[in-house]
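Only this structure's heavy atoms are used, side chains among them; waters, hydrogens and symmetry mates stay out. Residue numbering restarts at 1 for every chain, and letters A, B, ... go by the order of the sequence lines.
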Amino acid sequence: MAHRPVDPNQSFPDLEQEVLQRWRERDVFRESLRRRQGAEPWVFYEGPPTANGRPGAHHVLARVFKDIYPRFKTMRGHYVERKAGWDTHGLPVEIAVQKKLGIENKKEIEEYGIAEFNRQCRESVFEYLEEWDALTERIGFWIDLGDAYRTLDATYIESVWWALRQIYDKGLLYEGHKVVPYCPGCGTALSSHEVALAYRTVKDPSVYVRFPVVEDGGPLQRGDELLVWTTTPWTLVSNAAVAVDPELTYVRAKTGPLEAPVVLAEALVERVLGCDDVKVLERFPGAAIDGVRYEPPFSYIPGREYGERGHSVLLGDFVTADDGTGLVHTAIAFGEDDFQLGWRYGLNVVNPVRLDGTYDERIGKYAGRFVKDADADLVEDLRARGKLLKSEEYEHAYPFCWRSGDPLLYYAKPAWYIKTSQLRDRLLAANDSVNWHPEHIKAGRMGNWLENNVDWALSRERYWGTPLPVWRCEEGHLHCVGSFDELEELSGVRLEDPHRPYVDEVGFPCPSCSGRMQRVPEVIDVWFDSGAMPFAQHHAPFENAERFGARFPADFICEALDQTRGWFYSLLAISTLLFDRSSYENVVCLGLILDKDARKMSKSVGNVVDPWTVIDEYGADAFRWYFFTAKQPWDGYQFDTERVGDGVRFFLKQLWSTYSFYVLYANANAIEEPPAEPGTELEAWILSRLGDATETVTRGLDEYDTTTAGRAIAAFVGDLSNWYVRRSRRRFWDGDPAAFGTLRECLLTVAKLLAPFAPFVADELYDNLDGSEPSVHLCDWPAPRPRDLDLERDMAVARETVRLGLSARTAAKVKVRQPLREAVVVAAGRERDAIEALADVVREELNVKELRFVERADELGSYEIKPNYRTLGPRFGKHMPAVAEAVGSLDPAIVADALREGRHIGVSVGGTDHEVGPDDLHLRLEPLEGYQLEREASHAVALDLSLDDDLRREGLAREVVHAVQNARKAAGLAVEDRIALTLGGDGELLDAARTHEAYVSGETLAVEVAYDGDGKGEPATIEGLELRIALTRA
RNA sequence: GGGCGAUUAGCUCAGCCGGUUAGAGCGCUUCUCUGAUAAGGAUGAGGUCCCAGGUUCGAAUCCUGGAUCGCCCUCCA
C-alpha cells in the first residue's frame, strides 16, 4: 500500500508525539540548518527568559511567534540560526533565594555570605530549565537549546564589560547624585520599569500646614502664614524651602477662624479655605515673594544647613494650581523636582533618613522610626503646636516595591548612570529605522518614551548580577576595566568567576596616584545584560567578531508589549550607544493574555492557564493555530481554552478528513503519484484557488501578519473540502488520476503553507503523501501556481446559482434527493457563460435535469435600477441626489437591455446630459408574486416543481439508495466492499429500484440485486412506505 | 494627570485610505445532503457599528469632545 492508512479520528496530541519522535530520529531541525549553510542569513535574536519560574501560556504565545517566522524564512531559502538564551541575573532571582533561605534583607545576606548566596542564585536560576526545555520542544519551537547563551557566563560578562568600557570612554558613564525610587526593604534603588510594576491606589494624609513668615518682605508681613500642602508629612522634618510659580497669582487673605493672614494661590482660595468669610487683602504674582523667609514646621534641622536660601521661598516652574495651595513644600532629598530646584539654588542635600527607611539621630524623638509610619504622629504634633490648617485623606497612586511590597521612597542617592538623554536624537533616529508591528508603537509608545528619555540608572546595590567594572582609589580616581586580560595586567589576578564577592577582592595600584583602587560595590541593571546580547552571546569582540558582524542587526525580534521599556529599549539603547543604530529591523509586539472574562491572569485570582493542559487536550498545533489566527496578536487575547478546541474542530479536523479521504481512495485505487494536471474545470478552479492561497499566505508572512495568512489557509481548505472534494467524489471512486493528482497537489501545498503554523500535522501530511524529503520542514516554500481569475469569478457565479437554487428548493420544501425537470436561470452575458461552462456542477448539485436560461426576467419579475454610488459619487459629488433621482426615473426594461449589450445610457441631470455605463448602475430583480424564485442582484433561479412518474420513480430510487447506504454503514462495511442486496416491501419502491437497477447497484456496490426480500432484513421507511433491506458482503 | 490602543450580532473576530442592503465563523430556529468529515448545504432570528457633536451629496470608516476597558508613563509637592 502506498500510503499509511489514516485514522479519521486521529488524536492530534498523540500524532504530535510521533512526529516529535520522527524529528529526533531524522535530526530535522539541525538538518534544516545544514541545508541552508552558506545561504543568505536571516537573523533572529532570542529575548532571554528567566528559567526560575514555570513557563505559562504567555510564554507559549511568544515562543510560537518566535518560531513561525524563522521556519518560514528557512523554507524561503534563508539560513536562520536560532541561538537560545537565558536571562540569569537580577533581583527576582535574589528574592526567590532569600525566600527559600528565610533571609529578609541585605544585612542578613552579607552575614550569610555573598559567595554562598550567589552560588544559590546560580542554582535557582535554572530550577525550571527542564520544564522550559520540555515545553519548548513540545510546542515545536525550534531553537538551539544546546548552544544557549547565558548572561551569567564569564564570557558573556566580559562582553558586557567591554560595552561599558566603550560607553565610559565616550564619557557617557557617570556617577550622579539623584533622586531615585528606593525600596527600603530590598535596600536598593529601582529602575523606572520596576517602579511601573506596582502602583497602588492608596490613601495618604493630605495636610495643609501653616509656615509663619519671619520677616517683612514684598507684600507680606512678619506673622503672615504660608499655606503649604503635602501628602508626605514625613518629609516635612527636612523641609528646606517652599516653591511658588513666578507667574501664578497668589493672595494674602484673611479668614474668620485664623488670626494671621494666609498666603496661597488665588485659584485655590475657595477650595482650601471654603467660600465663607474670606477677605482678600492683596493679590500678587509668585515672583513678588521670592526670598521671603519663614519658620519651618519642625526645627530638627536648622535652615543654615541647607545653605543661604534654606527656609525661604524659591521660584519653580513645576508648581501648578491644580492641587494643594500653590505653595510647594520642598524637601531636597525626596523628590526629583525638589532636588533639581535645590541644585539650582545651591542648597545642600540634607538627608536625615537612613537606608533602611528610618529617621537618623538628627530627628529627635522620631529617630529610628520608619518614616511612613511616623506620618500620623507628625500630623498630631503639628496640630498640637497650632501649625495645621486642616488634615484630610488623599487618594492617589503610589509606587510600591514589586517584590517586597514595601512603599517606595523617593530618595537622593549616589548611583551610576548612562547619559542616554544626550543621545535622544540618535535613539529616535534608530527607532525610526525599525518596522514595528503594530505600526503605532513606533511613534506612540516607543517614540514617546524615547522623547522623554532620562539617563539610564544603571547601578544596583545588590549581589547577583554583572559587577559594574569601575574601580576607584581613595583620591577618587576612576578606572573602568574593559576585559579580564586588562584586569589581570593591572592586578595580576585572573578571575575564574567574575561575580561578587570574588571580583570585589581584586585591587590594583591607581594609575594616576599612589592610591589603591577597589571596585565600586554595585552590580548593573539586568536589562543591560539582555540588551547586550547581540554581541555578548558570541563573546564578541573577544571572539567571533566576524560572526557577530554577520549577525547584526537582527532581522526579527518578537516579545510582548511590556518589553517596550524593557528589552526593546535596552537593545536599542546599547546598540545606539555603541554603533549608532538599531540592533533590530522588524519587531512583532505581542499583546497580553487575559482570561475569558478579560481579567488579567494572575496567580492570586487563580485564572492562570497551564499550557500543558491545553496541549494535552488539543495539541500544540491547535494551540499555535489559535494564537496565529484568532486575532491580530498585538491586541491581546481573551483566552478561552474552548476557542483552541474550535480551531481543531473546524480547521484541523476538516483538513485531516480531506487528507484521510485522499489516502482511503488512493489506496483503494492503488494510486501513488498522480500528475497534478487538471482534468476538469473544477480542478482548474481549485488549483487557481491554491495559487491565490499561496500568494496570500506568502504575502501575509512577509508582512508579519499570521492572522490573514492563516485564515487564507483555512478558507482554502474550506473550499477544497466543501466544494472541490464534495463535487468530485465520484471521480475519486472511479479512480480518476487527474482528481487524485489535483487533490494531492492541494494537500501537499497546504502542508507546506501550513508547516510554519502547525508544524506537526503539516509534516504528517507531507510524510505520508510525498515523503521524498525527511520532513516538510526541509522543503522549499511553494511558488504560487498561475491564477485563472475568470474561472474563479465564474465559479463564484456558479456557486451563487447553486445557493439560489437550493434556497428555492428549501422554500418550496422539495428535497434535493428528488430530481426536478428544470431550473430556470435568469442570467445574461458573462454570468450566463459562467454558469453554462459549469452547468454539470450546477445541475448535479441542484439535482435538476436541465438548466434553461432566460435573459429577460419579464415573466418572473421586474427590474429596479440603483445608482452605483462608488463610481458615480466621485463624478457628481454633491449632485448625487439629483443623479440618483434621474437614474430612478429611467425605464428599467430599456436600461436592462442596453446594459446587457454593454451600451451606455444617457441621463439628464440639472439640464445637462451625461452618459453612464454598465458599471455605474446596479440592476436588481424584484420578483413578481406567486413565483418560486430566489434572486441576488440581476441574477435569479426559479425551479420547475412539476413531477411526472419518471421523476418520481427516480426520486424514490435515490431514497432506496440512501436507505441501503445507511444499512451498509450500520453493517460496518468498508467503502470498497461489494454486496449482495436483497430488497423487499412496498411495490412502488421495488418498482422504482428495478427501473433504476443499474443506478442502485452502482451506487451501493451491489453485485447482485434480488427483490424477494419480503419479511427479511432490516426495515426502513420511505415516504411512509416500507422497504426491507438485506445485504451480505459479496 | 499624560500617552497609546480598544469598543461592530449572544460569543470570537473581519471590514475602517468615506459610497448608501455592515460581513464571517461559532451558538441558536427550521429543513436537508452524504460510499471522508461528531462535518457540509439551505433557512430564520439576532446589530442605535460605545455616546454626542461636526465635516460631507453620503460616516462603522474622517475630525472634536465624552464614556468604558486595557496597557504604558507619572515625586504632581
Side-chain angles (χ1 to χ4, degrees), chain A residues 6 8-9 179 181 192-193 195-196 199 228-232 235 243 316 318-320 322-324 327-331 334-339 396-399 408 410 438 440-441 443-445 448-449 452 561-562 564-565 591-592 594 596 598 600 630-632 634-636 638 640 643 646 649-650 653-654 656-665 707-708 711 714-715 721-723 725-726 729 732-733 802-803 806-811 813 815-817 845 866-874 876-884 962 965 968-969 973-977 1003-1005:
Chain A
V6 175
N9 296 315
V179 176
S192 52
H193 30 261
V195 175
Y199 272 84
V228 174
W229 180 68
T230 183
T231 58
T232 52
T235 62
F318 56 89
V319 179
T320 69
D322 296 341
D323 258 321
L327 288 88
V328 174
H329 153 59
T330 298
F334 307 114
E336 178 67 23
D337 285 335
D338 308 44
F339 185 83
H396 65 145
Y398 192 85
L408 300 181
Y410 283 86
H440 62 76
I441 303 279
R445 197 172 280 237
N448 288 331
W449 163 254
N452 299 317
L561 202 60
D562 54 6
T564 316
R565 270 72 173 177
L592 271 83
L594 306 175
K596 64 178 172 167
K600 196 171 171 170
K631 59 184 309 201
Q632 293 293 350
W634 27 85
D635 293 333
Q638 274 191 50
D640 183 351
R643 294 277 92 73
D646 287 348
R649 279 163 62 210
F650 301 113
K653 284 218 83 160
Q654 189 175 42
W656 189 262
S657 80
T658 307
Y659 156 68
S660 83
F661 172 86
Y662 176 88
V663 170
L664 182 65
Y665 287 101
T707 317
T708 303
R711 288 177 182 181
S721 168
N722 295 333
W723 191 246
V725 173
R726 170 182 155 79
R729 273 176 298 206
F732 290 95
W733 308 337
V802 167
R803 195 182 70 73
L806 289 173
S807 181
R809 266 190 183 269
T810 301
K813 298 199 188 306
K815 290 182 182 184
V816 179
R817 264 197 294 266
E845 188 69 14
K866 294 261 185 186
N868 180 359
Y869 283 87
R870 194 185 277 279
T871 59
L872 294 173
F876 292 99
K878 61 176 147 186
H879 302 296
M880 267 314 286
V883 174
H962 177 53
Q965 302 295 20
R968 278 184 65 113
K969 220 172 214 176
L973 296 183
V975 293
E976 68 273 19
D977 284 341
E1003 292 296 300
T1004 62
L1005 302 185

A:Phe339 CZ to B:C76 P, in whole Å, measures 18 Å
Would you say A:His962 reaches B:U34's phosphate, i.e. side-chain N/O to OP1/OP2 under 4.0 Å?
yes
Report the C-alpha separation of A:Arg729 and A:Phe661 in whole Å, then their side-chain angles, then the decisive distance to 0.1 Å, and conclude whether the side-chain contact (heavy atoms from CB on, under 4.5 Å) test is met.
CA-CA 10 Å; A:Arg729 273 176 298 206; A:Phe661 172 86; 3.9 Å; yes
Nucleotide B:C76, atom P - distance to CZ of A:Phe334 in whole Å
16 Å
A:Lys631 has an atom NZ; how far is it from atom C1' of B:G15, in whole Å?
15 Å
Just by protein heavy atoms under 4.0 Å, how would nucleotides 53-58 of chain B read 5' to 3' in B, S and -?
----B-
What are the atom names and distances for every N/O pair under 3.5 Å that joins the protein to nucleotides 36-40 of chain B?
from: B:A36; atom 1: OP2; to: A:Tyr665; atom 2: OH; distance (Å): 3.1
from: B:A36; atom 1: N6; to: A:Ser721; atom 2: O; distance (Å): 3.1
from: B:A36; atom 1: N1; to: A:Ser721; atom 2: OG; distance (Å): 3.2
from: B:A36; atom 1: N3; to: A:Ser657; atom 2: O; distance (Å): 3.2
from: B:A36; atom 1: N3; to: A:Ser657; atom 2: OG; distance (Å): 3.3
from: B:U37; atom 1: O2; to: A:Ser657; atom 2: OG; distance (Å): 2.8
from: B:A38; atom 1: OP1; to: A:Lys653; atom 2: NZ; distance (Å): 3.4

Read 5' to 3' with Watson-Crick or G-U pairs under 3.5 Å, [ ] for crossing pairs and | for partners on another strand, RNA chain B gives (((((((..((((.....[...)))).(.(((.......))).).....(((((..]....))))))))))))....
Of A:Thr231, A:Thr235, A:Thr232, A:Thr230, which is the lone residue that meets side-chain hydrogen bond (donor to acceptor under 3.5 Å, both in side chains) with A:His329?
A:Thr235
How long is the line joining CH2 of A:Trp723 and C1' of B:C33, in whole Å?
12 Å
Is it the case that the side chain of A:Arg643 and the backbone of A:Gln638 share a donor-acceptor pair, with hydrogens and angles ignored and the cut-off at 3.5 Å?
no
If you look at every heavy atom in A:Thr708 and A:Gln632, which pair is closest and at what distance?
OG1-NE2, 4.4 Å
Distance-only donor-acceptor test (3.5 Å): side chain A:Arg445, base B:C71:
yes
When the P atoms of B:G46 and B:G5 are considered, how many whole Å apart are they?
36 Å
By nearest-nucleotide position on RNA chain B, the 5'-leaning member of A:Thr871 and A:Trp229 is A:Thr871
Pair A:Lys631-A:Thr707, side-chain contact (heavy atoms from CB on, under 4.5 Å): steps then yes or no:
CA-CA 6 Å; A:Lys631 59 184 309 201; A:Thr707 317; 5.5 Å; no
B:U8 C1' sits how many Å from A:Asp635 CG, rounded?
14 Å
A:Glu845 versus A:Val802, closest heavy-atom pair with distance
CG-CG1, 3.3 Å
Take the protein atom NE2 of A:His440 and the nucleotide atom C1' of B:C16, then report the distance between them rounded to whole Å.
15 Å
OH (A:Tyr662) and OG (A:Ser657) are apart, to the nearest 0.5 Å, by 15.5 Å
Nearest 0.5 Å, what's the CG-NZ distance between A:Asn9 and A:Lys653?
5.0 Å
Which nucleotide in B:C73, B:C33, B:C4 has an atom nearest any side-chain atom of A:Arg817
B:C33
Short side-chain N/O contact to B:U12 OP1/OP2 from A:Gln638, under 4.0 Å:
yes
Determine the interatomic distance between P on B:C11 and the same-named atom on B:G27; round to the nearest Å.
15 Å
Does any part of the side chain of A:Tyr659, heavy atoms only, come nearer than 4.5 Å to the side chain of A:Trp656, both counted from C-beta?
yes
Under the criterion side-chain contact (heavy atoms from CB on, under 4.5 Å), I'd like the reasoning laid out for A:Gln965 against A:Leu1005: C-alpha separation, chi angles, the key distance, then a yes or no.
CA-CA 10 Å; A:Gln965 302 295 20; A:Leu1005 302 185; over 6 Å; no
Take the protein atom CG of A:Leu592 and the nucleotide atom P of B:G70, then report the distance between them rounded to whole Å.
12 Å
Which of B:G19, B:G35, B:U12 is nearest the side chain of A:Arg870? It is B:G19
Distance in angstrom units between A:Ile441 CD1 and B:G5 C1', rounded:
8 Å
Using a 4.0 Å heavy-atom cut-off, does A:Glu845 contact any base of the nucleic acid, only the sugar-phosphate backbone, or nothing at all?
nothing
Kindly compute the distance separating CH2 (A:Trp733) from CD (A:Glu1003), expressed to the nearest 0.5 Å.
5.5 Å
When you compare B:U29 with B:C71, how far apart are their P atoms, in angstrom units rounded to a whole number?
38 Å
Rounded to the nearest 0.5 Å, what separation is found between the CD1 atom of A:Ile441 and the CG atom of A:Asn448?
10.5 Å
